[in-house]
Amino acid sequence: MDKQLDLLQGTLDMLILKAVSLGPLHGYGILLRIQQISKDRLEIQQGSLYPALYRLEHQGWIASEWGESENKRKARYYTLTAAGKRRLQAETENWNSMADVIAGILGTKPEEV
Amino acid sequence: MRLWSELRSWAQAIRHRALLESEMDAELRFHIEARAEDLMRGSVSREVAMRRARVEFGGIEPIKEEGREARGLSLFDCLHQDLRFGLRMLRKNPVFSITAIASLALGIAAVVSIFTAADALLFRPLPYRDASKLVMLWESNRVRPDASHSVVSPDNFLDWKDRNSVFEDMAVVDEGRSVFNYGERSEELRTQSVSANFFTLLGVQAIHGRTFASESLLDSQGSTLLISHRLWLDWFGGDPNVIGRRVLLDSFPRTILGVMPAGFSFGNQEVDLWPSMQLRPSTPHDRGPRNMIVVARLKEGITAGQAQSQMRGIASQLEQEDPQFNKNWTVVVEQIRDSFARGVKISLLPLLGAVSLLLVVACANVANLDKLSPWYCAMVHGSWLAGWLLARWELLSSRSCFPAYFSRPVLRIHLHLLLLWRSFYSWRWRPPICRHVEQWTSTRQWR
């Protein structure tokens, strides 16, 4: 049970970094964008978004700035930092190689053992 | 890199606390309103949309709490709360508080005092010129194990000085106590009577006045005296005109020649006076008692081992020349640091280790991080016992004639205090801070 939660937390971080890498966004915008690029297959729990954002900002992967939203209201926009970009790359590679390994294991036929 | 940005973010969070809170508020409210607006596009009224948005979002307060925690603020808050709680608990249980404070105080006092002694004797660099070239010479009796590092007879010393070719210079020190008298004030102080070349050999200067500055053993000026910095401040108030004053030492008049720098000592930090010594001329058949401490400086390129061999040769010559006095006596040449430490090293270092561990355990107990495994406790007990045993063995067997700074009665008292303190060892008291520390460490992502 704990393991699963960890994975989700790490994955959410990756998705947020990816969403922000495509352009500066405020919190709600990040939520919408993830939904959009996942073609509505992934829905992020609203309660876990902001803690993840604050954590990522605390660790220095993203930076925040107050700006104006489309409706001329004050909103906080997040952008990816240089360190964050490197982190995203590393995490993506990690994820891909992990997926390969798991796929390999799961696809093992009885004869190959 | 990450740690640096975390620290920076944490510092900022502490400083702009209120701003942070209001910003989080604004941000979360914006989110809810944006969601509500999206819902309103589906032709829902504003109130319904807002309500639904709020419900979808969940509680704002827990999010803010997590936000604070993410920035490391919650630990800070907990610390603050725990301090207040702790103080309240201390007031409520005065008996416990007093005992806990007393045990910590004892532990700290023990560590500090033992460390001071160890520092002065073992760790700090010696305040002499080229201390690595300084050695001390001891007479050593082959058949008596308790006289392996004995003080030296003055006549043997003079013979050594005459006959050797390995030492640049040799000087003598005679430790003792004398009554120091100036004006109305009179006190018994520790002294080291030294030959006139002592300070030149060590390569130290006085900060006021001068040292004997004589190449020979005899002081041409007659009865002069050097005083310690501590004594200078205490008795003369740091008056630079103290040079040339006449004082009485054991009722004999002496002139103050100079003041030694603060922190200067020679193996014994209690010494305040260095009167000049007159080595009496030797009379045959009376080589005098063995009572001198000898220090020497090796010549360039000579090692202590080489010096030892030559001195052994000289000692056996003396043995043949005066068998009544010198039978079975030989010489030991020892590095000065080893001489200083010999009396105390064997008891100080383990004691220091044991006492430090005990202090750690005391702190851990009071803070009650008590997931101490049994073997760890056994290790602490073991090291304490070892330290205590070594100290007792040292007390029983040592015949060091060069007095240690850490005097015997004090050591015994310390040990008994430690025993007492040790019995207050186990306690159960659990401030909330430990829980929070555990939580915090478990929620961090260790990647």
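Each chain gets a letter, A, B and so on, in the order the sequences are listed, and its residues count up from 1.
- Across A:Y54, A:Y50, A:Y28, the residue that shares the most heavy-atom pairs under 4.5 angstrom with chain B is A:Y28.
- Residue contact with chain B, scored on non-hydrogen atoms closer than 4.5 Å, involves the side chain of A:L32 exclusively.
- Within 6.0 Å of the CZ atom in B:R46, the count of heavy atoms belonging to other residues, nucleotides or ligands does not exceed 12.
- The residue from A:H58, A:Q59, A:E57 that alone fulfils the side chain to side chain donor-acceptor pair (under 3.5 Å) condition with B:S9 is A:H58.
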Enumerate, atom names and distances included, each donor-acceptor pair closer than 3.5 Å involving a side-chain atom of residues 97-107 of chain A, sequence neighbours excluded.
from  : atom 1 : to    : atom 2 : distance (Å)
A:S97 : OG     : A:E93 : O      : 2.9
A:S97 : OG     : A:N94 : O      : 3.0

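- With a 6.0 Å radius and a threshold of 12 heavy atoms from other residues, nucleotides or ligands, A:R33 has its CZ atom above the threshold.
- Within residues 65-75 of chain A, the residues having any heavy atom less than 4.5 Å from a heavy atom of chain B are, in residue-number order, A:W66, A:S69, A:N71, A:R73, A:K74, A:A75.
- Checked against side chain to side chain contact (heavy atoms under 4.5 Å, CB included), B:Q12 has the following partners two or more places apart in sequence or in another chain: B:R15, B:H16.
- The environment of CD in B:E21 is crowded: more than 12 heavy-atom neighbours from other residues, nucleotides or ligands sit within 6.0 Å.
- Residues of residues 23-37 of chain B placed with any heavy atom under 4.5 Å of a heavy atom in chain A are listed by number as B:E23, B:M24, B:A26, B:E27, B:L28, B:F30, B:H31, B:E33, B:A34, B:R35, B:E37.
- Across A:G47 and B:I63, no two heavy atoms sit closer than the pair O-CD1, 3.1 Å.
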